[in-house]
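First comes the structure, then the notes that go with it.
All values below come from the heavy atoms of this structure, side chains included, with hydrogens, waters and symmetry mates left out. Each chain gets a letter, A, B and so on, in the order the sequences are listed, and its residues count up from 1.
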2 protein chains.
Amino acid sequence: MALEPISTPPAPPAGPPVAAMAPLCSVFRRYLKSQHLKYTPERADILNSIIEADNVFEVDQLLMEMRRRGHRVSKATIYRTIKLLQDAGIITLALFDSKQSHFQLIYGKAPRDYMVCMKTGKYIEFSDDELVALRERICRQYGWEPVGHRFQIYAMSPQGRKRMAEGAEEA
Amino acid sequence: MALEPISTPPAPPAGPPVAAMAPLCSVFRRYLKSQHLKYTPERADILNSIIEADNVFEVDQLLMEMRRRGHRVSKATIYRTIKLLQDAGIITLALFDSKQSHFQLIYGKAPRDYMVCMKTGKYIEFSDDELVALRERICRQYGWEPVGHRFQIYAMSPQGRKRMAEGAEEA
DNA sequence: GTCGGTGCAAATGCTTTGCATTGAT
DNA sequence: ATCAATGCAAAGCATTTGCACCGAC
């Protein structure tokens, strides 16, 4: 019963993430209830930490961040919760190529698209109406019903180009 | 870092106008020579099998197909060769979400985009000029240099919709 | 004749799972 | 009081790597 938005964060960060927090919790809670699953402190902590990351995250990174804040959760629980959050439509797997999976918040957000620098790994997030329109057009063209999309541009940033020029070796 | 193709090799021809592409074998051979690596029967077999698959493929599937044809290669060699083919710009990792990696031929091909049915898994391949233009526009906007892209639409096909209606089970 | 390549098996490293215990409803 | 959730450690899997032998250049 003592399940309010987790105890007291040391420094309430200002900005959109905080606003998004309450609604997402209830979305998750509702989903869990519909599946006859329980809303536990661990699950709440994990969702809140993801919201505060407010970006692409990896499991290890998330776990470290949570530990740093004194939340004790096992990696297994994070994996189990991530699966639930995916099923609930709150997060999704991002499409980076690295070995470790990257996830991102999607609930209530316009689809985020990424442009990644192939040299530095730095990336820029954007979202583009034209792309959404294009998606609709293609779906209509085949008689399919659009649900979502992913778009990632591979490119070379100015820094990447510079670094490329400097170090002409590269192992 | 996450991404790393496009590194040392003598930059494979970027964006060739499709059409008549030189035999992929010679492209690969040229790449290998440039890296002081050898063109072995195993590597040739693997590339040829990939060409004949002419589509998205997974490692196990490729290995089985090769075995079926009497080619004896180890999985380790396939993995090693796949890495070379990626560096040579001949194949790339496709972005399906399954556990196993999917690769696809890209050399000399216009970027392929996919629309996947979330219910049936069936997918449609397409490529769209408008998307390429959009990519250029966004790169220019940030001062980055386009290299490639990936676009995948998640949608519901008519069959998927139908199947969804029929089987009302699913917890 | 040199190195690099190959197969095999062992090693990785991310993710999942079995089990005993803890805890939400 | 139930039955799901958690933590831990072991198990799974796709992928990588060490090593001894083989073969392309």
Side-chain angles (χ1 to χ4, degrees), chain A residues 1-7 25 28-47 49 56-64 66-67 70-88 91 93-103 171, chain B residues 2 4 8 25 28-47 49 56-64 66-67 70-88 91 93-103 171:
Chain A
M1 218 58 104
L3 301 175
E4 282 301 273
I6 274 311
S7 29
C25 285
F28 192 31
R29 207 131 70 174
R30 210 175 310 135
Y31 170 78
L32 290 173
K33 182 157 290 180
S34 78
Q35 301 298 301
H36 308 291
L37 301 175
K38 293 166 185 169
Y39 183 71
T40 67
E42 287 83 0
R43 287 176 180 171
D45 283 348
I46 291 170
L47 177 53
S49 298
V56 180
F57 68 91
E58 327 176 353
V59 172
D60 280 338
Q61 171 206 319
L62 183 67
L63 180 64
M64 279 201 307
M66 293 185 69
R67 289 264 158 85
H71 294 143
R72 289 162 279 103
V73 272
S74 69
K75 206 181 268 190
T77 294
I78 290 188
Y79 277 112
R80 287 188 271 233
T81 302
I82 279 178
K83 194 167 290 173
L84 293 173
L85 289 167
Q86 286 186 95
D87 290 345
I91 65 174
L93 185 60
L95 46 60
F96 290 84
D97 282 355
S98 81
K99 180 148 310 177
Q100 188 138 327
S101 301
H102 292 67
F103 297 89
Chain B
E4 54 172 290
T8 31
C25 286
F28 191 31
R29 207 130 71 174
R30 210 174 312 134
Y31 169 77
L32 290 172
K33 182 157 289 178
S34 78
Q35 301 297 301
H36 309 290
L37 301 174
K38 292 169 187 170
Y39 184 71
T40 67
E42 287 84 359
R43 288 175 181 172
D45 283 348
I46 292 169
L47 177 53
S49 298
V56 180
F57 68 92
E58 329 175 352
V59 172
D60 280 337
Q61 171 205 319
L62 183 66
L63 180 64
M64 279 201 309
M66 293 185 70
R67 289 265 159 85
H71 294 142
R72 290 161 279 104
V73 273
S74 69
K75 205 180 270 191
T77 294
I78 292 189
Y79 278 111
R80 287 187 273 233
T81 302
I82 280 179
K83 195 168 290 174
L84 294 173
L85 289 167
Q86 287 187 93
D87 289 344
I91 66 176
L93 185 60
L95 46 60
F96 290 83
D97 281 356
S98 83
K99 181 146 311 178
Q100 188 139 326
S101 300
H102 292 67
F103 297 90

Should Asp60(A) and Lys75(A) count as an ion pair when the cut-off is N to O under 4.0 Å?
-> yes
Length of the [atom1]-[atom2] vector between [X] and [N], whole Å:
{"X": "Lys38(B)", "N": "dC3(C)", "atom1": "NZ", "atom2": "P", "value": "10 Å"}
{"X": "Glu42(A)", "N": "dG23(C)", "atom1": "CD", "atom2": "P", "value": "9 Å"}
{"X": "Leu32(B)", "N": "dG5(C)", "atom1": "CG", "atom2": "P", "value": "8 Å"}
{"X": "Tyr39(A)", "N": "dG23(C)", "atom1": "OH", "atom2": "P", "value": "18 Å"}
{"X": "His71(B)", "N": "dT6(C)", "atom1": "NE2", "atom2": "P", "value": "14 Å"}
{"X": "Ile78(B)", "N": "dC8(C)", "atom1": "CD1", "atom2": "P", "value": "12 Å"}

Do the side chains of Leu85(A) and Tyr31(A) get nearer than 4.5 Å, heavy atoms only?
-> no
Treat primed atoms plus P, OP1 and OP2 as sugar-phosphate and everything else as base, then score nucleotides 11-21 of chain C 5' to 3': B for base contact with protein heavy atoms under 4.0 Å, S for sugar-phosphate contact only, - for none.
-> ---SSBBB---
Using chain A heavy atoms and a threshold of under 4.0 Å, write down where along DNA chain D the contacts begin and end, 5' to 3'.
-> dC3(D) to dT16(D)
[X] [atom1] to [Y] [atom2] distance, which is reported to the nearest 0.5 Å:
{"X": "Thr81(A)", "Y": "Leu32(A)", "atom1": "OG1", "atom2": "CG", "result": "9.0 Å"}
{"X": "Ile78(A)", "Y": "His71(A)", "atom1": "CD1", "atom2": "NE2", "result": "11.5 Å"}
{"X": "Leu47(A)", "Y": "Ile91(A)", "atom1": "CG", "atom2": "CD1", "result": "9.0 Å"}
{"X": "Gln61(A)", "Y": "Ser49(A)", "atom1": "CD", "atom2": "OG", "result": "11.0 Å"}
{"X": "Leu93(B)", "Y": "Ile82(B)", "atom1": "CG", "atom2": "CD1", "result": "9.5 Å"}

When the nearest nucleotide of DNA chain C is assigned to Val73(B) and to His36(B) on a heavy-atom basis, which residue is associated with the more 5' position?
->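 On the 5' side of the pair lies His36(B).
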For Phe28(A), the ring pair (Phe, Tyr, Trp, His ring centres under 6.0 Å) test, sequence neighbours excluded, returns none
